[in-house]
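Atoms within each ligand, like the ligands themselves, are counted from 1 in listed order. Only this structure's heavy atoms are used, side chains among them; waters, hydrogens and symmetry mates stay out.
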Amino acid sequence: MVSNSTIADLLIPKVEFTPEDLRTRYPSRALPEGAMVTRFAPSPTGFFHIGGLYTALISHKLARQSQGVFFLRIEDTDKKREVEGAADLVIQSLRKYGLIPDEGETGPGLEVGQYGPYRQSARVDIYHTFVYRLLLEEKAYACFATPEELEEIRSQQEKEKIRPGYYGPWAIWRNRSQEEVRDALNAGKPYVIRLKSPGDINQRVLFSDLIRGELELPENDQDIVILKSDGLPTYHAAHVIDDHLMGTTHVLRGDEWVSSVPLHLQLFQAFGWVPPLFGHIAPIQKMDGNSRRKLSKRKDPEASVLYYDEQGYPKEAVIEYLMNLADSGFEEWRTNHLSKSYYDFNLEISRCSRSGALFDAAKLGSISKEVIGSLNAIETYEQGLHWATQYNPALASLMSRDPVYSQNILNIERESEKVRKDITKWSDLEYEIGYFFDDYFFEKSLDPASFQGIENLDDIQRAIQEFIDGYDESDDKDQWFHKLKIIASNHGYAESTKAFKKNPTEFKGHVGDIAKLIRMLLTGRNQSPDLWEIMRVMGKARCAQRLNHLETLVKKGS
Ligand code: GLU
């Protein structure tokens, strides 16, 4: 008669620890009452979804506001799906968005915290310890079913139109004798370890989800794989063991896991542990025509965290926006606490949308405009340059050529009463400031075609010449405009639109026509920030050079 422990030793050799050793190594956390221990547990599969950042933000916020702990655990036991560099992308993104974990990896080769290692592939001995214990207690067993046999089971179930899976009578290794297991082992057959599920599909499991409320789901009766043939655990087993040892109190994760809760509760029970609380976050959605759907990794560029970086949304804007999605009470709080950090808001997980928050690009844009609008000129310059250095090197080189000039440009309508809000994201910068730089301006901003069909060209040219000759950088805005009006009037243009409209036949046009042309000549655009401010920043010589260009442009365009 072969003993159970002999078999367990053969199935999982070299188990170094006992569960008790590990309990000593990872003692219960001494935290104040009510402190939440949360975690973010991504699988490094290469794409960092905005929904992941959203989940991390919620988890981080809940831990911080309760004086708890937020840790990062890299769930890399599925070696087939792992992509190199994917974990670093998460680590760096969390850092960028200020969601630095209290424990876990915080940078290349850096790990903090007493409950590590925080990468599952480095915890294999820990998983073996507990799976070994389940084998001893006959709560788990070895399964040598071949892929062909499993396929056969699947197709038989399909034929009989019954529930697929490895359970009940279909669990062909569940009740094998120790001798059969030993023989299979001796024959060198590959195997997995499965949970011997005590569940009954006809029974219901009740649990209270932090977001979705009371839920009732069928019990799990599948003998799921807990240890794969490569010796690594499955997600289900690994995260249960980790969340227990790492002292997680609140699991916040995507709602694709909600149907696995009965299984997870069963695993906690099999190990003899109290499960944490669960909150399942519905995926962020978007409108597609008239219907809602999940943000899709394939279809929607905004599904990727990197998109926000590339577009140049300031991190505060992204976080602020996600807070709006996370808690329906945030927006009102923000209206009453304009200058506070989002940290001062108390996030209430029960206010998180059950059906899935709707992504609203316009809302993100308006938050982002406010964030950029609240920066002073130097901050705008520094943050804009930081973005451009990575994503628009040509712009970065223009901006860094003359930092003071660049800062003056960015200060137009900035440190003033009515702040400019034309920059939504840093990728708008090129359009908003490029024309201030001569080489850029002559190459990209000016379109000779816009200077066609100008009536009374000679008059206008003379007026513009007079205007620049008499231009004085120290004139205030009223003086500046007054001069322009006089010149306009001297050349047969009304001093205001009103005067022109009263007697249109008396004038060639009005002062606005001249101002419009000046704007076009200086900026290449029909609309711009305040022209008086633009001229002060550009300086007289540059303005003169651009204004003298009219004739050439008219010729070029004809
Ligand atoms: N690694 C799992 C995932 O990326 C984590 C789920 C969880 O947070 O428990 O979906």
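The shortest separation from a heavy atom of Gly254 to ligand 1 is not under 4.0 Å, leaving the residue out of contact.
Side-chain contact annotation: Glu149 with Thr146, donor-acceptor N/O pair under 3.5 Å present. With no hydrogens or angles considered, a side-chain donor-acceptor pair links Tyr118 and Glu103 at under 3.5 Å.
Of all protein heavy atoms, the one closest to atom 1 (N) of ligand 1 is Glu75 OE1, 2.6 Å. Arg39 NH1, 2.7 Å is the protein heavy atom nearest to atom 8 (O) of ligand 1. In terms of protein heavy-atom proximity, atom 9 (O) of ligand 1 is closest to Tyr235 OH, 2.5 Å. Distance from atom 10 (O) of ligand 1 to its nearest protein heavy atom, with residue and atom name: Trp257 NE1, 3.1 Å.
Residue contact check: Ser43 has heavy atoms under 4.0 Å from atoms 1 (N), 2 (C), 3 (C), 4 (O) of ligand 1.
By the 3.5 Å distance cut-off applied to N or O atoms, Ala41 is counted among the residues near ligand 1. Backbone and side-chain nitrogen or oxygen atoms of His239 are examined, and none is located within less than 3.5 angstrom of a nitrogen or oxygen of ligand 1.
At a threshold of 4.0 Å, the pair Arg154-Glu151 counts as salt-bridged, since one of the basic side-chain nitrogens sits closer than that to a carboxylate oxygen.
Contact check for Tyr308 versus Leu364: side-chain heavy atoms found under the 4.5 Å cut-off.
Ring centers of Tyr321 and Phe359: under 6.0 Å apart, within the cut-off. Two rings, from Trp173 and Phe144, have their centers less than 6.0 Å apart.
By the criterion of a heavy-atom distance under 4.0 Å, neither the backbone nor the side chain of Phe40 is placed next to ligand 1.
Judged by a 6.0 Å distance limit and a 45° cone about the ring axis, Arg39 is not positioned over the six-membered ring of Tyr115.
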